[in-house]
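Below, all heavy atoms of this structure are taken into account, side chains as well, without hydrogens, waters or symmetry copies.
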Amino acid sequence: MDILMRYGFSIEEIKNMMDSNDELENANDQDILELINILIGIGCHEEHIMNIFNCNPFVLNKNIDDIKDLINKLKELNLKHLYIVFDSNPHLLNMSSNDIEKIYNEKTEEGLSSEEIVDYFYHNIIL
């Protein structure tokens, strides 16, 4: 949890995250740092990252490779500005790349165009 304090989270914020996610005490600082760097790499600023973690503390102990796969899948589907997507819906980070692909295929079968499906991901994914 030291990494969260160094990043600027207050003790109260960390306590609230731990109250929401019992497994957070087992989170590895190195993995959290790598997650922060991944989020910075897609354009997240400090306020985005703080919002994402405060709203979705479960992402803090999600497998880093799964997060990378999810981001790569979203990029593959031409979603741009992922920092906006994750800031507005931090729980999207709990999904897997397979979940994303399944939704994409379902929407394709419904007759939506690629652009409409991308719009769906921006505005309609609610977890």
Side-chain angles (χ1 to χ4, degrees):
M1 292 300 111
D2 290 340
I3 189 70
L4 293 176
M5 289 177 48
R6 285 191 307 245
Y7 198 72
F9 286 92
S10 69
I11 292 173
E12 184 67 28
E13 287 172 316
I14 295 170
K15 182 184 176 311
N16 289 338
M17 286 187 265
M18 292 180 82
D19 287 345
S20 296
N21 181 358
D22 297 340
E23 296 179 28
L24 191 54
E25 65 187 41
N26 299 325
N28 179 311
D29 275 354
Q30 197 61 31
D31 289 342
I32 294 172
L33 180 59
E34 187 172 354
L35 175 58
I36 290 169
N37 288 329
I38 289 168
L39 293 172
I40 289 170
I42 61 167
C44 288
H45 296 286
E46 183 177 320
E47 62 272 6
H48 300 132
I49 293 169
M50 292 185 83
N51 179 57
I52 290 167
F53 291 176
N54 277 314
C55 293
N56 183 14
F58 299 97
V59 73
L60 291 166
N61 51 340
K62 185 172 177 181
N63 182 287
I64 294 297
D65 289 332
D66 291 344
I67 293 171
K68 288 177 183 178
D69 288 344
L70 170 68
I71 289 170
N72 288 335
K73 178 56 71 177
L74 292 169
K75 287 179 178 179
E76 187 180 301
L77 298 175
N78 290 322
L79 265 82
K80 296 177 179 33
H81 311 296
L82 291 178
Y83 65 97
I84 294 171
V85 175
F86 294 143
D87 186 45
S88 64
N89 189 356
H91 297 283
L92 187 62
L93 282 160
N94 294 345
M95 297 182 79
S96 71
S97 59
N98 291 336
D99 294 333
I100 297 298
E101 182 139 5
K102 181 180 175 188
I103 292 169
Y104 187 88
N105 291 338
E106 287 172 0
K107 295 302 170 188
T108 299
E109 289 175 13
E110 291 174 14
L112 271 64
S113 69
S114 297
E115 294 80 22
E116 290 170 321
I117 297 170
V118 166
D119 188 56
Y120 177 83
F121 279 104
Y122 278 120
H123 302 289
N124 297 327
I125 298 287
I126 299 173
L127 305 171

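For CD of Q30, the number of neighbouring non-hydrogen atoms (other residues, nucleotides, ligands) closer than 6.0 Å is 12 at most. Within a 6.0 Å radius of CD in E116, other residues, nucleotides and ligands contribute more than 12 heavy atoms.
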Which pairs would a plain distance check flag for residues 31-43, meaning a side-chain donor or acceptor within less than 3.5 Å of a matching protein atom at least two apart in sequence or in another chain?
| unit_1 | atom_1 | unit_2 | atom_2 | d |
| --- | --- | --- | --- | --- |
| E34 | OE2 | K68 | NZ | 3.1 |
| N37 | ND2 | L33 | O | 3.3 |

Taking it one step at a time, do N105 and T108 satisfy side chain to side chain donor-acceptor pair (under 3.5 Å)? CA-CA 5 Å; N105 291 338; T108 299; 5.1 Å; no

Show the numbers, then the answer: is there a salt bridge (charged side-chain N to carboxylate O under 4.0 Å, His left out) between D19 and K15? CA-CA 6 Å; D19 287 345; K15 182 184 176 311; 3.2 Å; yes

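For the residue pair L93 and L70, the shortest heavy atom distance occurs at CA-CD2, 3.7 Å. Counting all heavy atoms, side chain and backbone alike, S114 lies closest to Y104 at OG-OH, 3.3 Å. Taking every heavy atom of both residues into account, L24 and P57 meet most closely at CD1-O, 4.1 Å. Taking both residues in full, the closest heavy atoms of D29 and I3 are given as OD1-CG2, 3.3 Å, listed atom of the first, atom of the second, then distance.
Contact of the F9 side chain with the M17 side chain is registered, since non-hydrogen atoms from C-beta on lie closer than 4.5 Å. In this structure the side chain of K102 never reaches within 4.5 angstrom of the side chain of N98, judged on heavy atoms. Looking at heavy atoms from C-beta onward, V85 lies out of side-chain contact with L74 at the 4.5 angstrom threshold. When side chains are defined from C-beta on, F86 does not count as touching N56, because their heavy atoms never get closer than 4.5 Å. The shortest distance between side-chain heavy atoms of L4 and L60 falls below 4.5 Å.
Linking Ile, Leu, Val, Met, Phe, Trp and Tyr residues whenever their side-chain heavy atoms come within less than 4.5 Å leaves M50 and F58 in two separate clusters.
Atom CG of L92 and atom CD1 of I52 lie 10.0 Å apart (nearest 0.5 Å). Rounding to the nearest 0.5 Å gives a distance of 9.0 Å between NZ of K62 and CE of M95. Annotation: the span from N51 atom CG to H45 atom NE2 amounts to 13.5 Å, rounded to 0.5 Å. A distance of 12.5 Å separates CG in N54 from CD in E47, rounded to the nearest 0.5 Å. With rounding to the nearest 0.5 angstrom, the NZ atom of K107 is 6.5 Å from the CG atom of L112.
I84 shares a hydrophobic cluster with Y83; the chain of contacts runs through ILVMFWY side chains whose heavy atoms sit under 4.5 Å apart.
E13 is linked by a salt bridge (charged side-chain N to carboxylate O under 4.0 Å, His left out) to nothing, counting only residues two or more places apart in sequence or in another chain.
The residues E76 and K73 are annotated as salt-bridged, a charged nitrogen and a carboxylate oxygen being separated by less than 4.0 angstrom.
A donor atom on one side chain and an acceptor atom on the other are found under 3.5 Å apart for N21 and N61.
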